[in-house]
Amino acid sequence: MVATSLSPANLILDWFDLNQRSFPWRATGGENPNSYWVWLSEIMLQQTNTTTVQPYFLDFIKRWPTVNDLASAKLDQVLHAWQGLGYYARARNLHKCAKIIVEEFNGEFPDDEKKLLSLPGIGPYTAAAISAIVFEFNATPVDGNVERVMARLNNVTKPLPLVKGELIALAKNSTPQKRFGDYAQAVMDLGATVCVPKKPKCSICPCKSICIGFKAGNPEKLPQRSPKKALPTRYAKIYFMRNHQNQVFIRRREEKGLLGGMMELPSTEWSVQHFDKLEESFLSIGIVNWKQIPNSVKHTFTHFHLEMQVYEGVADENTDISGIWCNLEDLDKQAFPSLMKKVLKHAMSYLKI
DNA sequence: AATGCGGGGCT
DNA sequence: AGCCCAGCATT
């Protein structure tokens with residue numbers, strides 16, 4: 001049946017069979033996927049590349065081989081292991097979800113897409129991915145890869161996010177009535193290795209003959225996106241404060257919001273006002289002789305740039321603010337986000353410690 | 001529907 | 001410097 005074998009789904013599945021990629025979370029041969037591994041990897045892979053995820057994944061399953069082990073861990077241990085991976089709400093929800101799986105689902109992930117969707121950190125994409133990959137349900141996970149492949153195959157030229165619903169419908173309609181897990185991974189693999197955002201490799205694409213976007217001539221322009229706003233810049237002064245025992249003052253950020261639950265050095269407000277307009281409350285809390293460290297630390301978040309001037313000083317014995325005095329050699333045991341690692345490196349490099 | 005939420009690896 | 005990414009939660 002030529003018409004069937006030339007369907008996009010069959011072309012993609014045939015390509016997948018010849019181009020299997022190996023990942024530590026992916027089942028090989030005939031073995032069943034490990035639901036804990038699939039779930040953990042899918043959470044890590046939200047907005048994050050496989051190359052970035054792989055070492056974190058291996059570290060996690062070594063520390064916590066089962067969902068029961070993860071549920072028994074302290075949140076701070078999980079945040080520490082997650083440090084550098086970003087989107088820290090994922091780590092908090094991961095831990096919360098593990099506890100629910102153990103306490104309410106007897107340690108087993110529910111074989112029900114709606115129940116999966118109700119769990120913290122699991123949205124439409126992840127619920128569909130687990131349903132298809134672990135349970136072989138008829139589910140269609142739609143991520144950025146799938147959106148791009150669908151937009152090009154069907155030459156959808158209207159911009160995201162306007163056409164998101166349309167792309168989801170196209171993805172569902174092209175899902176074959178077989179091999180749901182393989183197909184879900186096949187489309188994403190195609191998007192990650194062939195139908196890539198820049199300079200797609202159409203010459204080796206299994207769908208070249210049926211791709212309307214390719215036929216139209218500019219698949220690399222798809223999907224279109226609505227223009228984004230320029231990021232504002234915020235400024236702050238941040239304080240590398242030691243005491244006479246040569247300990248560093250650190251504290252924990254609030255559980256919610258930006259870098260929630262992670263450790264930080266104290267700083268002024270992160271203000272759109274420039275440095276010279278910033279309040280300098282830390283200059284008056286019993287510190288002698290703050291010195292500004294030359295240059296600044298720059299960092300970019302999802303929605304703003306941040307530029308920080310770093311100050312160093314030694315606190316007198318009466319300094320009384322809320323936080324932790326941390327030994328220098330214990331700093332790497334703390335759950336610092338990348339920004340704080342940059343600041344620490346900047347200060348300690350300057351101070352030669 | 002819009003916004004907040006990291007960080008790294010491309011070009 | 002801008003782009004993208006195996007998205008979710010909140011409002």
Side-chain angles (χ1 to χ4, degrees), chain A residues 21 23 25-26 37-57 79 82-94 96-97 116-130 132-133 139-149 151 160-165 167-168 171 181 183-193 195-200 220-234 253-262 270 298-306 335-342:
Chain A
R21 291 200 294 166
F23 293 114
W25 51 84
R26 190 174 277 188
W37 289 3
V38 172
W39 164 70
L40 176 61
S41 68
E42 290 299 346
I43 301 297
M44 289 182 165
L45 286 163
Q46 291 166 6
Q47 299 287 287
T48 312
N49 293 326
T50 54
T51 20
T52 304
V53 163
Q54 191 143 325
Y56 285 90
F57 176 82
L79 288 173
W82 197 273
Q83 70 177 157
L85 199 52
Y87 285 135
Y88 298 96
R90 291 187 296 173
R92 301 195 297 274
N93 284 329
L94 184 85
K96 194 184 301 178
C97 184
L116 289 167
L117 189 53
S118 74
L119 293 167
I122 298 184
Y125 163 78
T126 308
I130 295 174
I133 296 169
T140 307
V142 179
D143 68 341
N145 287 311
V146 180
E147 287 177 353
R148 185 170 57 256
V149 171
L160 281 170
L162 180 69
V163 292
K164 188 164 180 74
L167 296 176
I168 290 173
Y183 181 71
Q185 295 176 85
V187 184
M188 291 190 280
D189 276 11
L190 186 70
T193 61
C195 197
V196 289
K198 304 273 176 72
K199 298 183 179 177
E220 70 277 7
K221 300 292 184 192
L222 301 177
Q224 300 237 231
R225 292 176 193 276
S226 301
K228 293 166 184 169
K229 280 191 288 188
L231 303 186
T233 299
R234 298 189 196 176
R253 295 177 60 83
E254 289 183 22
E255 289 303 318
K256 292 198 170 189
L258 182 69
L259 306 178
M262 302 295 283
W270 301 1
K298 297 182 181 181
H299 190 80
T300 298
F301 291 98
T302 314
H303 50 299
F304 63 92
H305 301 293
L306 178 63
F336 289 119
S338 292
L339 163 66
M340 293 302 158
K341 286 191 164 189
K342 280 189 200 175

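Not measured: the values here are computed from a predicted model. Proteins come first, then strands; the chains are lettered A, B, ... in the order of their sequence lines, and each starts at number 1.
- Going from atom NE2 of A/His303 over to atom C1' of B/dA2 covers 13 Å, rounded to whole Å.
- Panel note: side chain A/Asp143, backbone A/Asn145; a donor-acceptor pair is recorded below 3.5 Å.
- Residues A/Thr52 and A/Leu85 are in side-chain contact: their nearest non-hydrogen atoms beyond the backbone lie under 4.5 Å apart.
- Without hydrogens or angle criteria, A/Arg90 side chain to A/Gly121 main chain gives no donor-acceptor distance under 3.5 Å.
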Given A/Tyr125 and A/Glu42, is the side chain to side chain donor-acceptor pair (under 3.5 Å) satisfied, shown in steps? CA-CA 9 Å; A/Tyr125 163 78; A/Glu42 290 299 346; 2.7 Å; yes
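- Distance noted for atom C1' between C/dC8 and B/dG9: 23 Å (whole Å).
- Between A/Glu42 and A/Gly121, the residue anchored nearer the 5' end of DNA chain C, judged by the nucleotide with its closest heavy atom, is A/Glu42.
- No contact: A/Ile43 has no heavy atom under 4.0 Å from any strand.
- The ring of A/His303 has its center no closer than 6.0 angstrom to the ring center of A/Phe301.
- For the atom pair CD of A/Glu220 and NZ of A/Lys198, the computed distance is 11.0 Å after rounding to the nearest 0.5 Å.
- For the P atoms, the distance linking C/dA6 with B/dT11 amounts to 15 Å, nearest Å.
- At the heavy-atom level, A/Gly260 lies nowhere under 4.0 Å from the strands shown.
- For the pair A/Leu119/A/Lys96, no side-chain contact is recorded, criterion being any heavy-atom separation below 4.5 Å from C-beta on.
- Contact check for A/Thr48 versus A/Leu45: no side-chain heavy atoms found under the 4.5 Å cut-off.
- Distance A/His299 NE2 to B/dG7 P: 4 Å, rounded to the nearest Å.
- Distance CG/A/Asp189 to CZ/A/Phe23: 6.0 Å, rounded to 0.5 Å.
- When each of C/dA6, C/dC4, C/dG7 is scored by its nearest atom to the side-chain atoms of A/Thr126, the top-ranked nucleotide is C/dG7.
- Each of C/dA6, C/dC4, B/dC5 was ranked by its minimum atom distance to the side chain of A/Thr302; first place goes to B/dC5.
- For A/Arg92, no side-chain nitrogen or oxygen approaches OP1 or OP2 of C/dA9 to under 4.0 Å.
- Of the listed nucleotides (C/dC8, C/dC4, B/dG7), B/dG7 has the atom at the smallest distance from the side chain of A/Pro337.
- Judged by distance alone with a 3.5 Å cut-off, a donor-acceptor contact links the side chain of A/Tyr87 to the base of B/dG6.
- Between the CZ atom of A/Arg148 and the C1' atom of C/dA6 there is a distance of 11 Å, given to the nearest Å.
- Taking atom CE of A/Met44 as the reference point, atom P of B/dC5 lies 22 Å away to the nearest angstrom.
- In this structure, A/Thr48 does not reach the B/dG6 phosphate: none of its side-chain N or O atoms is under 4.0 Å from OP1 or OP2.
- Closest to the A/Lys229 side chain, of the nucleotides B/dG7, B/dT3, C/dA6, is B/dT3.
- In the set C/dC4, C/dC8, C/dA6, the nucleotide with an atom closest to the side chain of A/Ala192 is C/dA6.
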Do any N or O atoms of the protein come closer than 3.5 Å to N or O atoms of nucleotides 9-11 of chain B, and which pairs are they?
none

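- Taking for each of A/Lys256 and A/Ser41 the nucleotide of DNA chain C with the nearest heavy atom, the 5'-most of the two is the partner of A/Ser41.
- Atoms CG (A/Leu258) and P (B/dG7) sit 8 Å apart, rounded to a whole Å.
- Across all strands, A/Arg21 comes closer than 4.0 Å to base atoms (heavy-atom distances).
- Between A/Thr300 and B/dG7 there is no side-chain N or O to OP1 or OP2 distance below 4.0 Å.
- Between the CD atom of A/Gln47 and the C1' atom of C/dC5 there is a distance of 6 Å, rounded to whole Å.
- The nearest whole Å value for the distance from the CG atom in A/Leu94 to the C1' atom in C/dG7 is 14 Å.
- Taking only side-chain atoms of A/Phe301, from C-beta outward, the nucleotide of C/dA6, C/dG7, B/dG7 with the closest atom is B/dG7.
- Annotation: of the two residues near DNA chain B, A/Leu339 and A/Pro161, the 5′-most nearest-nucleotide partner is A/Pro161.
- Rounded to whole Å, atom P of C/dC8 lies 12 Å from atom CG of A/Leu45.
- At the heavy-atom level, A/Phe23 lies under 4.0 Å from base atoms of the strands shown.
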